Amino acid sequence: MLFETHNKSRALKIALQLKDFIKKGERILDIGLGNGYVAKKIKEHYKVYMEGVDVIDYNETNIKNTIYDGLNLPFKDKSFDAVIILQTLHHCTYQIRVLKEAKRVSRKRIIIMEDIYNNLFEKMTTFLHDYISNKRKGIDCPYYFHNKAEWQAIFKKLRLKIVKETDTVSKYWLFKFNNVTYVLDAKQ
């Protein structure tokens, strides 16, 4: 019950952060759908078509979720207006491949939200938070986090132009967690 309440309030907060980048009537793909709460909130708030993919199924909503191999998206080129990858890439062994596939299926933009850290203490608490949040669900936690400079280099390599970059800080008890949201132009 505690985790469910936390997950639902987190989902609303994340959905509201995307207000300038999700347009009514769009087709949105959520890579790493997870429990589906964020996708459901986005669907409700922005009146969009939402669909998700993930490597395991623990979706608790009515959002369509396709289980896939984590590498090859089962969709035609430019099938979606936007692709969202929220708090997911640090679980992906082949991040470049996931981003290339996101670019392939997106007509307009890719929205990425990832945790970052600025020092050793933040790194340790970020890893611990990821472990507590995910390991109990059987989600692999390889901790493939990057700092901003590393993300920017990855995007440049893939010719994904950063349209917007937003930093957010969340506090839980005594701990501070930093994350960054990138809106990337996928039209190139």
Side-chain angles (χ1 to χ4, degrees), residues 6-23 26 28-46 48 50-55 59 61 63 65 70 73 80-92 95-96 98-103 105-106 108-118 122-123 125-127 129-134 137 139-155 158 160-172 175-186:
H6 167 74
N7 287 337
K8 286 182 177 178
S9 92
R10 176 181 165 271
L12 178 60
K13 181 180 173 185
I14 290 170
L16 294 174
Q17 285 178 307
L18 304 178
K19 71 179 183 317
D20 295 331
F21 310 108
I22 305 281
K23 309 298 179 212
E26 287 188 319
I28 311 292
L29 176 65
D30 185 346
I31 297 177
L33 180 72
N35 59 29
Y37 293 153
V38 174
K40 184 176 178 186
K41 290 294 181 192
I42 291 170
K43 179 180 178 179
E44 292 169 357
H45 273 70
Y46 305 110
V48 296
M50 285 295 305
E51 188 168 338
V53 294
D54 212 323
V55 296
N59 181 15
T61 69
I63 301 293
N65 185 31
L73 290 171
F80 296 89
D81 295 299
V83 173
I84 60 174
I85 312 173
L86 309 175
Q87 306 284 324
T88 298
L89 281 171
H90 61 270
H91 295 284
C92 300
Q95 294 173 333
I96 300 295
V98 171
L99 288 167
K100 284 181 178 179
E101 280 290 281
K103 184 178 180 181
V105 302
S106 177
K108 299 177 182 175
R109 74 192 84 75
I110 301 168
I111 302 169
I112 295 170
M113 183 180 290
E114 273 297 321
D115 292 325
I116 58 172
Y117 48 83
N118 300 308
E122 288 179 7
K123 180 178 181 177
T125 57
T126 298
F127 282 34
H129 181 257
D130 189 51
Y131 181 85
I132 291 168
S133 298
N134 294 299
K137 299 177 216 166
I139 299 170
D140 193 24
C141 296
Y143 311 112
Y144 294 134
F145 294 98
H146 298 290
N147 63 36
K148 282 185 173 187
E150 291 166 335
W151 279 122
Q152 291 164 355
I154 289 168
F155 302 148
L158 295 174
L160 289 165
K161 180 183 174 193
I162 298 172
V163 175
K164 177 89 173 171
E165 178 180 317
T166 306
D167 296 319
T168 308
V169 176
S170 302
K171 293 184 180 177
Y172 298 104
F175 304 106
K176 177 179 88 165
F177 299 98
N178 302 297
N179 80 37
V180 61
T181 302
Y182 292 104
V183 179
L184 308 169
D185 183 347

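What you see is a predicted model, and the numbers here were worked out from it, not measured in a lab.
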Practice prompt. Give the intermediate values and the outcome of side chain to side chain donor-acceptor pair (under 3.5 Å) for residues Thr168 and Gln17.
Written response: CA-CA 10 Å; Thr168 308; Gln17 285 178 307; 3.1 Å; yes

Practice prompt. Taking all heavy atoms of Lys43 and all of Ile63, pick out the closest pair and write down the distance.
Written response: CD-CD1, 3.7 Å

Worksheet entry | Short side-chain to backbone donor-acceptor contact, Lys103 and Leu158, under 3.5 Å | yes

Item to complete: With rounding to the nearest 0.5 Å, note down the distance linking CD1 in Ile154 to CD1 in Ile112.
Response: 9.0 Å

Worksheet item: Angle class for the Phe145/His90 ring planes (parallel below 30°, perpendicular above 60°, tilted otherwise)?
Response: parallel

Discussion item. Could you measure the distance from the CG atom of Leu18 to the NE2 atom of His45? Nearest 0.5 Å is fine.
Written reply: 11.0 Å

Practice prompt. Hey, could you give me the CD1/OH distance between Ile85 and Tyr182, rounded to the nearest 0.5 Å?
Written response: 13.5 Å

Worksheet item: Of Leu73, Ile31, Ile28, which is the lone residue that meets side-chain contact (heavy atoms from CB on, under 4.5 Å) with Val83?
Response: Ile31

Worksheet item: Is Asp167 close to Asn178 at the side-chain level, that is, under 4.5 Å between some pair of heavy atoms?
Response: no

Worksheet, complete the sentence: Nearest heavy-atom approach of Gly70 to Val98 is O-CG2, 3.5 Å

Worksheet item: Considering all heavy atoms of both residues, which atom of Asp30 and which atom of Ala39 are nearest to each other, and what is their separation?
Response: OD2-CB, 3.7 Å

Practice prompt. Show your reasoning for whether side-chain contact (heavy atoms from CB on, under 4.5 Å) applies to Arg109 and Val163.
Written response: CA-CA 9 Å; Arg109 74 192 84 75; Val163 175; over 6 Å; no

Practice prompt. Identify the heavy atoms of Ala186 and Ile110 that sit nearest to each other, and give their distance.
Written response: CB-CG1, 4.0 Å

Discussion item. So, taking the atom named CG in Leu184 and the one named CD1 in Ile162, what distance separates them when rounded to the nearest 0.5 Å?
Written reply: 6.5 Å

Item to complete: Please lay out, stage by stage, how Leu33 and Val53 fare under the test side-chain contact (heavy atoms from CB on, under 4.5 Å).
Response: CA-CA 6 Å; Leu33 180 72; Val53 294; over 6 Å; no

Item to complete: Can you measure from OH (Tyr37) to CG (Asn59) and round to the nearest 0.5 angstrom?
Response: 9.5 Å

Worksheet item: Got a second to check how far Leu29's CG is from Asp81's CG, nearest 0.5 Å?
Response: 11.5 Å

Worksheet item: Is there a donor-acceptor pair closer than 3.5 Å between any side-chain N or O of Glu114 and the backbone N or O of Thr88?
Response: yes

Discussion item. Lys41 vs Glu44, test: side-chain contact (heavy atoms from CB on, under 4.5 Å). Steps then yes/no.
Written reply: CA-CA 5 Å; Lys41 290 294 181 192; Glu44 292 169 357; 3.8 Å; yes

Worksheet entry | Side chain proximity check, Phe155 to Leu99, heavy atoms < 4.5 angstrom | yes

Worksheet entry | Test item: Leu89 and Trp151 side chains (from C-beta on) under 4.5 Å apart, heavy atoms | yes

Worksheet item: Does the side chain of Ile111 come within less than 4.5 Å of Ile22's, by heavy atoms?
Response: yes

Worksheet item: Applying the side-chain contact (heavy atoms from CB on, under 4.5 Å) test to Tyr46, which of Lys19, Lys23, Glu26 qualifies?
Response: Lys19

Worksheet entry | Any side-chain heavy-atom pair of Asn179 and Gln87 under 4.5 Å | yes

Practice prompt. For the residue pair Met50 and Ile84, establish whether any side-chain heavy-atom pair is separated by less than 4.5 Å.
Written response: yes

Discussion item. In the structure I gave you, are the side-chain heavy atoms of Phe21 and Lys108 within less than 4.5 Å of one another anywhere?
Written reply: no

Item to complete: Decide yes or no for Lys148 and Ile116: does some side-chain heavy atom of the first lie under 4.5 Å from some side-chain heavy atom of the second?
Response: yes

Worksheet item: Taking Glu150 for the side chain and Asn147 for the main chain, is one N or O donor matched with an acceptor at less than 3.5 Å?
Response: yes

